[in-house]
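These numbers were taken from a predicted model, which means no experiment stands behind them.
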Amino acid sequence: MKALVLAGGSGTRLRPITHTSAKQLVPVANKPVLFYGLESIAAAGIREVGMVVGDTYEEIKGAVGDGSAFGLEVTYLRQDAPLGLAHAVLIARDYLGEDDFVMYLGDNFIVGGIEPLVKRFLDERPAAQIMLTRVADPRQFGVAELDAAGRVVGLEEKPKKPKSDLALVGVYLFTAAVHEGVSALKPSWRGELEITDAIQWLLDAGHQVESTVISGYWKDTGNVTDMLEVNRLLLEVLDQRLEGTVDDASEIIGRVVVEAGAEVTRSRVVGPVVIGAGSVVKDSYIGPFTSISEDCQVVDSEIEYSILLRRASIYGVRRIEASLIGRDVEVTPAPNTPRAHRLVLGDHSKVQISS
């Protein structure tokens, strides 16, 4: 079995962060989201990985390399434009050959990994095996319809009137049978080759399609809210590790990681928190569920439930929360200018101003 990891896409929902960085490399708990997926693939016993990449190819390759750090062999497959999940399968046809494969969306996060799913697939070998989870607004996802016996009978991509609340999670397992379906597809109303249409083709052609409804944790980390939530989840299982310098005037409460080379001075840190190597926290409060990456500066400030990327700096700011702060960002207080109201009012106006 091979893996096809999708690491293209422009990450529009994470802009402006993704104007200068691949969305799959934005860190949660100080590790890129993509790395968690690669570790899950390796843990499932898969070694050969085709990485579908687009404009951020150089950045992805610089981070992942040949895959040996994960126990994998990575081959990069260029995609000129993000034209749908099935299009990624189409351009990977020669690489995949006749092998079974798992398709993994590189910005998805699944607690517990994929090892049980891969084992079930290899035992039963349906033409396709999909993962489903119940969501509040299925219009934002691919949606599956099940019959009374729990069998998949239909799929739609981002339907305006969903037939169920079961969304497809970003992990799919296929035999080579899917290639015939992909080759028969035409672009959808979105102008993309939809993987849901390919799976529907398998159903219509009489192939076996199995599903698993997961009750565990899954997130598509395509927006800031979900990034912060995954960060929170990962920090929940931290073990305390104080390898950096913490002075006697500082207070460390709960599960806190201070990596080697980091310094905490005259500060209060309430875990779970991770402070990356080379970072400095001085005269500050770091609240729960905060990840501070490498070489950051937090001075005379308060921050909680946030992610700071590499070399970010915060000086003299009260208070920051639920924030994603990019690389090399500097946050400082605004000048203390006099407050004033500037008005242009028409005749006979009535205005109430709370000053």
Whether [X] side chain and [Y] backbone form a donor-acceptor pair below 3.5 Å:
X	Y	value
S301	V317	yes
R241	V256	no
R255	V274	no
Y57	Y76	no
S250	S267	yes
E259	A277	yes
S279	C296	yes
S40	L38	no

Roughly how far, to the nearest 0.5 Å, is the [atom2] atom of [Y] from the [atom1] atom of [X]?
X	Y	atom1	atom2	value
L308	E294	CG	CD	11.5 Å
I275	E263	CD1	CD	11.0 Å
I199	D204	CD1	CG	12.0 Å
T175	Q129	OG1	CD	11.5 Å
M1	I41	CE	CD1	11.0 Å
W201	L185	CH2	CG	9.5 Å

Which residue, E251, E302, R268, E304, forms the side chain to side chain donor-acceptor pair (under 3.5 Å) with Y285?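 Testing each of E251, E302, R268, E304 against Y285, the sole residue satisfying side chain to side chain donor-acceptor pair (under 3.5 Å) is E304.
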Close side-chain approach of [X] to [Y], heavy-atom, < 4.5 Å:
X	Y	result
F70	V49	no
V28	S291	no
N108	V171	no
D100	L173	no
V143	L168	no

More than 12 heavy atoms of other residues, nucleotides or ligands under 6.0 Å from [atom1] of [X]: is that the case?
X	atom1	answer
E180	CD	no
K282	NZ	no
D248	CG	no
D55	CG	no
K158	NZ	yes

Given the rule that I, L, V, M, F, W and Y join up when any side-chain heavy atoms are under 4.5 Å apart, are L96 and I91 in one cluster?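 Cluster IDs for L96 and I91 match.
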Answer yes if V74 and Y104 sit in the same cluster of Ile, Leu, Val, Met, Phe, Trp and Tyr residues linked by side chain heavy atoms under 4.5 Å apart, and no otherwise.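 Shared cluster, yes.
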Under the salt bridge (charged side-chain N to carboxylate O under 4.0 Å, His left out) rule, what pairs show up with a residue in residues 73-96, not counting sequence neighbours?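 Residue pairs with at least one partner in residues 73-96: R93-E98.
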Taking only residues two or more places apart in sequence, or in another chain, which ones meet E192 in a side-chain hydrogen bond (donor to acceptor under 3.5 Å, both in side chains)?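 Only R190 meet the side-chain hydrogen bond (donor to acceptor under 3.5 Å, both in side chains) criterion with E192.
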What do the steps show when you test D295 against R310 for salt bridge (Lys or Arg N to Asp or Glu O under 4.0 Å), and what is the final call? CA-CA 6 Å; D295 301 318; R310 187 172 300 167; 5.6 Å; no
Apply side chain to side chain contact (heavy atoms under 4.5 Å, CB included) to residues L238 and V273 and explain how you reach the verdict. CA-CA 8 Å; L238 273 183; V273 165; 6.0 Å; no
What is the ring orientation for H179 with F101, classed by angle as parallel under 30°, tilted 30 to 60°, or perpendicular over 60°?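 Parallel: the ring planes of H179 and F101 meet at under 30°.
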Taking NZ, NE, NH1 and NH2 as the nitrogens, is one of them in E236 or R232 under 4.0 Å from a carboxylate oxygen of the other?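 So E236 pairs with R232 through a salt bridge.
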Can R311 and D328 be counted as an ion pair, charged N to O under 4.0 angstrom?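 Here R311 pairs with D328 in a salt bridge, since their nearest N and O are under 4.0 Å apart.
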Check V33, L34, V53 against Q24 for a side-chain contact (heavy atoms from CB on, under 4.5 Å) and give me the one that passes.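 Among the candidates, only L34 passes.
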For I292, run the side-chain contact (heavy atoms from CB on, under 4.5 Å) check against V298, V280, V257 and tell me which one passes.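 Single side-chain contact (heavy atoms from CB on, under 4.5 Å) partner of I292 among V298, V280, V257: V298.
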Taking side chain to side chain contact (heavy atoms under 4.5 Å, CB included) as the definition, give me every residue that meets it alongside S306, ordered by chain and number, with sequence neighbours left out.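 Only I303, I320, S323 meet the side chain to side chain contact (heavy atoms under 4.5 Å, CB included) criterion with S306.
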